[in-house]
Amino acid sequence: MSEVARLPGAVTVRDDPTGVAAGWIVEIARVAMAEGGRFRIALAGGSAARTLYQVLAVTPHRERTDWGRWEVYFGDERACPPDDPANNCRMAREALLDLVPVRPELIHRMEAECSDLDAAAAEYSSILASTCPTAATGSAPRLDCILLGLGENGHTASLFPGDPSLQVRDRWAVRSRADYAPFDRITVTYPVLNAAAHVAFLVTGPAKGEALRGVVEGRVPAAGVRPPDGELRWFMDTAAAGSL
C-alpha cells in the first residue's frame, strides 16, 4: 500500500487538483442548500486555497452555485489588520468573496486585529454556536464544509504543535500561537473540525512529505482531524503526493 493510500479519508491526486476540488465544493453546496436552504463553509488561508478560490470565482463554477445562500466562516485568522496582506479574510475577499454575490451579512470574519484575542475568540465561538446547527453527536456547531491547509510542520488551521489550543474541547474558537510570524492567531478547535459534514485538505508542493507522514503516523496536529460523522477528503498535487 502506498503512503498516500494510508492517509485517512479519500485522496485525489492531480497535476492541478483545484478543478476537481471546486467541482466537489459546488456539488456539496447544492446538496446542503437542497436539504437546509444554506451552505455553511469555513475557508482556509494559504496559496493552495487562494488558487481554489480563483477557480471558483470564474466560469464554469461561478455559474453553478447560488452564492446568495452561501454563509462563510473562517478556520483561522492572523492577528493583523483586515487590510494586511497576511490577513486570511483579505485574501479570500480578493480571490473570491468580492467577485461573487455572497451576501455581506453572511460573511463572518474573525476580528483578530483586536487587543483581546481571548474575547475575540469567544465572540467567534458564539457566532458559530448561534448560526450553525448542532452536530448530532456532541454539542459542537456543524458546518457543511471546512477547507484546510497543511503546514510543513503538520499544523492545520492555526492548531500548531505543542499549542494549548490542541487540548480544547469545550470551546469552538480559541487564541493560538504559531511558530512563525504573525505569531498570534485565532483558530477553530478540533470539536468544530470533527463535527463538520465535509472536511477537505488542500495540499500542494514538494515540501509537505514530512507533514503527510506525520498525519499517517498520527503525530502532527492535522492527524487529529477525523470527522466521525462526516466526509474527509484530500486534494493534492503530484508534487505533494510524490513527497510522501
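- No donor-acceptor pair closer than 3.5 Å links the side chain of Asp163 to the backbone N or O of Ser176.
- Residues Val192 and Leu143 have side chains in contact (heavy-atom distance under 4.5 Å, counting atoms from C-beta outward).
- Side-chain contact of Thr238 with Arg14: a donor-acceptor pair under 3.5 Å is absent, judged by distance alone.
- A side-chain donor-acceptor contact under 3.5 Å links Trp67 to the backbone of Arg62.
- A salt bridge links Arg219 and Glu210; the closest N-O separation between the charged side-chain nitrogens and carboxylate oxygens is under 4.0 Å.
- In this structure, Leu202 and Thr18 have side chains that are not in contact, with every pair of non-hydrogen atoms separated by 4.5 Å or more.
- Counting heavy atoms from C-beta on, the side chains of Arg93 and Leu97 come closer than 4.5 Å.
- In the model, Trp70 has a side-chain atom that pairs as donor or acceptor with a side-chain atom of Thr65 under 3.5 Å.
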Just list the side-chain donor-acceptor pairs under 3.5 Å for residues 101-117, sequence neighbours left out, or say none.
from	atom 1	to	atom 2	distance (Å)
Arg103	NE	Glu105	OE2	2.9
Arg103	NH2	Glu105	OE2	3.1
His108	NE2	Glu71	OE2	2.7
Arg109	NH1	Glu113	OE1	3.2
Arg109	NH2	Glu113	OE2	2.7
Asp116	OD1	Asp118	N	3.3
Asp116	OD1	Ala119	N	3.1

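- When side chains are defined from C-beta on, Thr156 counts as touching Val225, because their heavy atoms get closer than 4.5 Å.
- Applying the salt bridge (Lys or Arg N to Asp or Glu O under 4.0 Å) test to residues at least two apart or on different chains, the pairs with a partner in residues 180-204 are Arg175-Asp184, Arg177-Asp184.
- A distance of 9.0 Å separates CG of Leu52 from NE2 of His61, quoted to the nearest 0.5 Å.
- In summary, Glu217 and Arg213 do not engage in a salt bridge, as defined by a charged side-chain N under 4.0 Å from a carboxylate O.
- For the residue pair Ala120 and Ile186, the shortest heavy atom distance occurs at CB-CD1, 3.6 Å.
- In this structure, the side chain of Asp229 does not engage the main chain of Ala136 through any donor-acceptor pair within 3.5 Å.
- Shortest non-hydrogen contact noted between Ile25 and Ile41 is CG2-CD1, 4.4 Å.
- Within the 4.5 Å cutoff, no side-chain heavy atoms of Met33 are placed close to those of Glu35.
- Here Ala197 pairs with Arg142 under the side-chain contact (heavy atoms from CB on, under 4.5 Å) rule; sequence neighbours left out.
- Between the CD atom in Glu152 and the NZ atom in Lys208 there is a gap of 6.5 Å [rounded to 0.5 Å].
- Using a 4.5 Å heavy-atom threshold, the side chains of Glu231 and Val199 count as separate.
- Other cluster members for Phe160: Tyr180, joined by side-chain heavy-atom distances under 4.5 Å among Ile, Leu, Val, Met, Phe, Trp and Tyr.
- Residues Leu99 and Leu43 do not share a hydrophobic cluster, clusters being chains of Ile/Leu/Val/Met/Phe/Trp/Tyr side chains in contact below 4.5 Å.
- Between the side chains of Asp76 and Ser158, at least one donor-acceptor pair of N or O atoms lies under 3.5 Å.
- Applying the side-chain contact (heavy atoms from CB on, under 4.5 Å) test to Pro221 and every residue at least two apart in sequence or in another chain returns Leu159, Pro161, Leu166, Tyr190.
- Partners of Arg171 according to the side-chain contact (heavy atoms from CB on, under 4.5 Å) rule, which considers only residues two or more places apart in sequence or in another chain, are Ser125, Val168, Val174.
- In terms of heavy atoms, Arg78 sits closest to Asn87 at O-ND2, 4.5 Å.
- Val203 has its side chain within reach of Trp234: a pair of non-hydrogen atoms, C-beta onward, lies under 4.5 Å apart.
- The side-chain heavy atoms of Pro17 and Trp24, taken from C-beta on, include no pair separated by under 4.5 Å.
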